[in-house]
**Student:** 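I'd like to ask some things about the structure below.
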Amino acid sequence: MRKFVLVPFLSLALAQVGLVDGPRPSTEVRGTLQGDMRQGYSVVVEFLVESGANPTQGSTNQTLGWNGKLYLCISGCDYFTLSGYTPNTPYNGAVFDLRDSQNRLRGRASVSTVYDSQNRPSYHQVQYAVWPLQGTRTWMPSPDNPVPIEAGGWLSVRPPGGSARERYRYPGMESYQSPSVQGSILSGISPGDRDVVAKSVLSSLADLRAFYARQPGGSTLWFFVPEVSAWTQTLAQEFRARNGGQERFVVPEGTARGYCSLYRSDARYHVMPRESLAKEQSFAVIYPPSSTAGSSQKGAVMAGRFLVDRPDWQETDYLYFTTPLSPTQEGLPEARALVWGYISQSNLRARVEFKEWGLSPFTNWTTSLGTRPSDWDGRFSAVVGRGDESFYLEGWASGATWSGARYFNVRDTQGRYRGYAYVYAQGGTTTLSNLGAYYDWGTTPEGIQFTYGGQTYTLSGCRLRTTSEWTCSVKDASGRDVGTAYLYAYFVSVDYTWLFNLYKVVLSTGLRYTGSAYLRGWQETWRYASDNDRPVEAFGYVTAEGKRYRVPGLEGYLQPTGKDLEVAEGDPYVSYITRSLSPQGNPFAGTGREEAKLWFKPLRDWCAERGL
């Protein structure tokens with residue numbers, strides 16, 4: 001018997017999760033979901049068992065800028081580093097030691113650079129062999145793999161070396177049902193029949209259009225349906241647009257009675273010799289344009305209630321967007337992802353990025369050091385992007401003096417170089433000017449007060465130096481002499497009083513420091529996950545570097561919807577169906593038997609026969 005190409009199996013390897021509701025805890029049995037909503041799901045199950053000495057081998061492709069770390073789950077999950085590996089370097093079978101996060105030698109890895117058609121480095125091929133830790137436990141697969149998922153997310157599986165099956169449940173698949181359309185004329189086709197027919201399901205308008213486009217141009221599409229709904233009309237319009245052919249509608253007699261007044265003159269409408277037809281028994285047949293009775297009939301068949309009922313398919317199922325990811329637990333870093341692919345092909349991928357804080361490569365913050373006393377230890381704090389931080393001047397010595405500004409390197413509490421500072425050492429006196437005029441005070445400025453730097457000072461011991469200039473001692477709040485004040489006196493003859501202008505005060509000060517620091521502050525950066533690109537898992541989950549997130553809006557991804565339209569293509573199975581149902585292939589035609597008159601006929605003739 002002739003073999004035919006099957007519809008490709010669209011598999012999708014998803015993240016490992018612990019299985020639940022079973023005899024072993026979820027930490028000791030885990031599964032990787034694969035498959036799609038068309039063909040159904042299965043799980044590759046692993047059990048945690050005592051490890052041996054045989055190495056675990058594998059391979060992976062990495063970008064040229066890869067950091068040389070592999071995240072592997074061998075005797076527990078860990079990061080393994082290739083010792084001596086340098087990013088962006090071409091290699092030809094170079095071998096490196098593999099060390100775990102505790103710097104233990106655990107295996108070897110080889111790196112070979114793959115070049116493109118123009119002999120430019122494209123990516124690295126990495127092959128590794130890692131030995132499990134002696135005396136520990138490791139993950140081993142079940143001999144039953146892959147295990148099909150049953151209704152409700154249940155599966156039955158044997159552990160490695162065991163004979164009795166154990167029953168577990170895949171989390172999140174509690175509402176799972178078989179995705180196949182039940183009750184249609186194609187539902188009984190078994191996988192063993194795939195040598196004579198390729199059966200698949202349509203789950204979107206994109207699927208439908210691709211299916212129509214595969215059929216020979218100019219074909220005819222016959223619908224055998226209980227009624228010609230608006231959705232049936234849409235299916236016909238899509239066929240005309242994608243195939244260029246024509247459509248025909250065949251309805252049961254119960255429906256035809258109501259169609260006589262509406263579609264009597266429409267040559268597309270026909271009547272089948274039965275009173276009614278269940279929606280689940282609806283079907284459609286596509287006939288190539290060269291169809292003749294008895295010839296090879298490489299047409300196609302469609303079946304199911306969604307030839308009548310609209311399945312709410314989206315217009316296009318191709319996605320390409322960037323979105324923030326929702327963490328599944330507290331403490332996960334902020335993440336975002338570029339998501340792309342076809343929902344109907346179950347191949348959505350996510351390129352994950354993690355938000356991180358990085359130090360600017362150059363100084364991008366300036367902060368004043370303020371005024372510091374002579375015993376300052378050279379430490380200060382500043383906000384440079386991520387809250388308050390502490391810094392210190394490298395090589396600082398308290399009480400030191402110098403002329404002009406002095407340069408210091410600035411480091412943080414972790415000892416990292418964070419910039420530089422210029423510091424001025426000042427001491428001796430401070431001169432204040434234009435501190436106000438005092439009117440009708442008296443004949444001397446004795447007792448005048450002013451404030452500076454949050455302190456109040458009083459003039460005392462004032463002496464007349466010239467006919468119009470006074471000098472006074474300046475006392476602080478404790479009564480200590482801390483400087484000298486200079487005033488001009490003016491006699492206001494109109495009021496017979498004195499006006500004192502406090503034009504200068506010289507205060508004695510100790511050693512102090514001022515200056516500014518120029519710092520490398522923090523800035524937001526986005527880092528691509530080391531294990532990109534990641535598959536989008538069932539229900540919109542995505543796992544990168546062991547951190548699990550959810551893509552908003554994809555909560556229903558890979559959930560069987562039951563809104564699928566079954567189709568079948570292939571010869572000779574479909575050829576037999578199309579010939580037996582063809583208007584030219586009436587099995588009773590030419591026999592003279594009464595049954596020949598019962599074959600479906602144009603609506604116009606059927607209505608005329610009944611006077612409708």
Side-chain angles (χ1 to χ4, degrees), residues 13-18 26-32 44-114 121-141 160 329 331-333 335 337 349-354 356 358 525-535 537 542-549:
L14 304 177
Q16 295 168 334
V17 300
S26 58
T27 54
E28 296 185 8
V29 57
R30 68 187 184 188
T32 302
V44 176
V45 183
E46 296 176 290
F47 291 84
L48 192 61
V49 298
E50 290 296 328
S51 65
N54 294 327
T56 298
Q57 302 183 48
S59 63
T60 180
N61 293 333
Q62 301 290 344
T63 63
L64 296 175
W66 172 54
N67 63 1
K69 293 183 181 291
L70 292 172
Y71 186 76
L72 304 172
C73 293
I74 303 170
S75 301
C77 297
D78 199 359
Y79 281 100
F80 293 79
T81 304
L82 279 69
S83 300
Y85 166 83
T86 303
N88 296 308
T89 301
Y91 291 104
N92 183 19
V95 179
F96 302 91
D97 287 342
L98 268 181
R99 294 186 175 274
D100 62 17
S101 60
Q102 300 182 38
N103 202 32
R104 294 174 295 191
L105 179 63
R106 293 286 301 280
R108 300 285 190 273
S110 68
V111 179
S112 296
T113 303
V114 177
S122 180
Y123 60 91
H124 291 320
Q125 282 185 342
V126 183
Q127 295 183 325
Y128 58 86
V130 181
W131 286 272
L133 296 173
Q134 298 293 327
T136 61
R137 305 167 77 190
T138 190
W139 293 97
M140 293 189 65
Q329 62 186 59
L332 293 181
R349 308 286 290 181
R351 185 164 298 163
V352 180
E353 295 178 88
F354 294 109
E356 295 182 344
T525 60
W526 288 93
R527 175 185 63 83
Y528 284 110
S530 60
D531 50 359
N532 274 333
D533 294 323
R534 306 300 303 155
E537 308 159 19
V542 62
T543 303
E545 295 184 358
K547 306 175 184 67
R548 192 165 173 82
Y549 296 85

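Both backbone and side-chain heavy atoms feed into the values below; hydrogens, waters and symmetry mates do not.
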**Student:** Any chance you could measure T60, atom OG1, to Y128, atom OH, to the nearest 0.5 Å?
**Tutor:**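 So the OG1 of T60 and the OH of Y128 are separated by 7.0 Å.
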**Student:** Do the side chains of T63 and Y123 get nearer than 4.5 Å, heavy atoms only?
**Tutor:** no
**Student:** Work out which heavy atom in F47 is nearest to a heavy atom in V29; give both atom names and the distance.
**Tutor:**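 Nearest pair, atom of F47 first, then V29: CE2-CG2, 3.8 Å.
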**Student:** Where do F354 and A335 come nearest, in terms of heavy atoms and distance?
**Tutor:** CD2-CB, 3.9 Å
**Student:** Throw together a table of side-chain donor-acceptor distances under 3.5 angstrom for residues 91-98, partners on residues two or more places apart or in other chains.
**Tutor:**
from, atom 1, to, atom 2, distance (Å)
Y91, OH, T86, N, 3.0
D97, OD1, R108, NE, 3.2
D97, OD1, R108, NH1, 3.2

**Student:** Below 4.5 Å, heavy atoms only, C-beta onward: do T89 and T113 meet side chain to side chain?
**Tutor:** no
**Student:** Evaluate side chain to side chain contact (heavy atoms under 4.5 Å, CB included) for W66 paired with L82, printing each intermediate quantity in order.
**Tutor:** CA-CA 11 Å; W66 172 54; L82 279 69; 3.7 Å; yes
**Student:** Would you check if H124 and L64 make a side-chain contact, meaning some heavy-atom pair closer than 4.5 Å?
**Tutor:**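 They are in contact (side-chain heavy atoms under 4.5 Å apart), so the answer is yes.
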**Student:** Whether the side chain of N532 engages the backbone of V352 through a donor-acceptor N/O pair (distance < 3.5 Å, no angle test) should be reported.
**Tutor:** yes
**Student:** Is a salt bridge present between R349 and D533, judged by a nitrogen-to-oxygen distance below 4.0 Å?
**Tutor:**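 So R349 does not pair with D533 through a salt bridge.
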**Student:** Is there a side-chain contact between Y85 and P87 (heavy atoms, below 4.5 Å)?
**Tutor:** yes
**Student:** Return the CD to CH2 distance between E356 and W526, rounded to the nearest 0.5 Å.
**Tutor:** 10.0 Å
**Student:** Any chance you could lay out the side chain to side chain contact (heavy atoms under 4.5 Å, CB included) test for E46 and C73, step after step, and finish with the verdict?
**Tutor:** CA-CA 12 Å; E46 296 176 290; C73 293; over 6 Å; no
**Student:** Report the distance from atom OH of Y549 to atom CD of Q329, rounding to the nearest 0.5 Å.
**Tutor:**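 The OH atom of Y549 sits 9.0 Å away from the CD atom of Q329.
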**Student:** Below 4.5 Å, heavy atoms only, C-beta onward: do E545 and S530 meet side chain to side chain?
**Tutor:** yes
**Student:** Check whether any side-chain heavy atom of P333 sits under 4.5 Å from a side-chain heavy atom of R527, and report yes or no.
**Tutor:** no
**Student:** Given side chains that start at C-beta, do those of Q62 and L70 come closer than 4.5 Å, heavy atoms only?
**Tutor:** yes
**Student:** Does atom OH of Y71 have more than 12 heavy-atom neighbours from other groups under 6.0 Å away?
**Tutor:**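 It does: Y71 OH has more than 12 such atoms within range.
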**Student:** What distance separates K69 NZ from D531 CG, expressed to the nearest 0.5 Å?
**Tutor:** 13.5 Å
**Student:** Looking only at non-hydrogen atoms, find the nearest pair between P535 and V542 and report the distance.
**Tutor:** O-CG2, 3.9 Å
**Student:** For D78, which residues count as a salt bridge (Lys or Arg N to Asp or Glu O under 4.0 Å) partner, sequence neighbours excluded?
**Tutor:** none
**Student:** Please answer whether the main-chain N or O of T543 pairs with a side-chain N or O of E537 as donor and acceptor at a distance below 3.5 Å.
**Tutor:**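 Indeed, once roles are kept as given, a pair shorter than 3.5 Å links the two residues.
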**Student:** Find the distance between OG (S110) and CD (Q127) and round it off to the nearest 0.5 Å.
**Tutor:** 4.5 Å
